[in-house]
Amino acid sequence: MEETAHEMKIYTYPDPVLKTPAEPVREIDGELQRLIDWMIETMYDAPGIGLAANQVGVLKRVIVFERQPRERRRNPGVLINPEIVLGEDQIKWEEACLSVPDFSAEVVRKGQVKVRGLDRQGNPSDIEAEDLLAVCLQHEVDHLNGTLFIDHISALKRALYKKKLTKMLKEQDEMD
Ligand code: GNR
Ligand code: NI
């Protein structure tokens with residue numbers, strides 16, 4: 001492993017840290033800069049197109065995301081204390097989550113959003129997004145509020161996923 005690698009552990013469902021709302025950031029200090037760098041590394045290493053601090057066990061309102069999720073080049077974005085200030089149109093997208101292993105499902109969200117927060121220097125930053133980036137930003141803000149995409153699907157589909165997960169965990173247990 002490289003000496004500069006700082007991938008953090010990604011917590012998975014049903015860990016309680018994923019259900020706990022994160023606290024607003026009050027001070028943008030060196031520790032927060034380090035967290036942001038590690039989150040960006042962890043996101044690309046996973047690989048994923050977004051990551052919320054809850055997912056790495058830190059209850060601070062910080063998200064990182066890939067600004068151009070369809071491009072090969074890395075163009076990371078950061079928002080501290082993000083809020084969705086505008087949402088228009090509905091789209092249905094097949095979502096997955098690094099914290100919800102081996103599952104994906106269609107979720108209805110806004111197709112266009114404006115998300116307001118602070119950049120890593122502490123300056124106000126508005127991100128306008130559509131399609132996949134809009135879905136991703138809503139998914140990340142949900143994480144900060146303790147919500148997962150499986151909270152948006154039907155109770156039946158969610159129950160089926162829980163059953164599948166229990167079976168997977170049991171099989172894993174029997175292996176070791
Ligand atoms: O990498 C990710 N891909 C993705 C695809 C469709 C909808 C949402 C996402 S976010 C996910 C990474 C993640 O779990 N972020 O919290
Ligand atoms: Ni997620």
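By convention here, the first residue in the shown sequence is residue 1. Both counts, for ligands and for their atoms, begin at 1 and track the order of listing.
Rounded to 10 degrees, the NE2-metal-SG angle spanning His143 and Cys97 at the Ni ion (ligand 2) equals 100°.
In terms of polar-atom proximity, defined here as any N/O pair under 3.5 Å, Ala52 makes no such contact with ligand 1. Considering backbone and side-chain atoms alike, His143 places an N or O below 3.5 Å from some N or O of ligand 1. Checked against a 3.5 angstrom limit, the closest N/O atoms of His139 and ligand 1 fall inside it. Considering both main-chain and side-chain atoms, Cys136 never comes within under 3.5 Å of ligand 1 through any nitrogen or oxygen pair. In terms of N/O distances under 3.5 Å, ligand 1 is approached by Glu140. Polar contact check, Gln55 against ligand 1: a nitrogen or oxygen pair lies under 3.5 Å apart.
A side chain to side chain contact (heavy atoms under 4.5 Å, CB included) with Leu79 is found for exactly one of Asp119, Asp126, Ile63, Val141, namely Ile63.
A donor atom on one side chain and an acceptor atom on the other are not found under 3.5 Å apart for Arg26 and Asn81.
Atoms of ligand 1 lying under 4.0 Å from any heavy atom of Cys97, numbered from 1 in the order shown and given with element: 14 (O). Short contacts between ligand 1 and Ala96, defined as distances under 4.0 Å to a heavy atom of the residue, involve ligand atoms 4 (C), 6 (C), 8 (C), 9 (C), 10 (S), 11 (C). Heavy-atom contacts of Ile49 reach the following atoms of ligand 1: 1 (O), 2 (C), 3 (N), 4 (C) (cutoff under 4.0 Å). Residue-ligand proximity, Gly48 to ligand 1, at heavy-atom distances under 4.0 Å covers atoms 1 (O). Contact atoms of ligand 1 toward Glu94: 6 (C) (distance under 4.0 Å to a heavy atom of the residue).
Residue Met8 belongs to a hydrophobic cluster whose other members are Ile10, Val25, Ile28, Leu32, Leu35, Ile36, Trp38, Met39, Ile40, Met43, Tyr44, Leu51, Val56, Val58, Val62, Val64, Val78, Ile80, Leu98, Leu118, with links defined by side-chain heavy atoms closer than 4.5 Å.
Within the 4.5 Å cutoff, the side chain of Lys110 has no heavy atoms near those of the Leu137 side chain.
Looking at His139 and the Ni ion (ligand 2) together, the shortest N, O or S contact belongs to NE2.
Ranking protein heavy atoms by distance to atom 7 (C) of ligand 1, first place goes to Glu95 CG, 3.6 Å.
Looking only at distances, a side-chain donor or acceptor of Ser99 sits under 3.5 Å from a matching main-chain atom of Tyr11. The main-chain N or O of Leu165 is never found under 3.5 Å from a side-chain atom of Asp102 such that the two would form a donor-acceptor pair.
Here Asp15 does not pair with Lys9 in a salt bridge; the nearest charged N to carboxylate O distance is not below 4.0 Å.
Relative to the ring axis of Tyr161, Lys157 does not place its NZ or CZ within 45° and under 6.0 Å from the centre.
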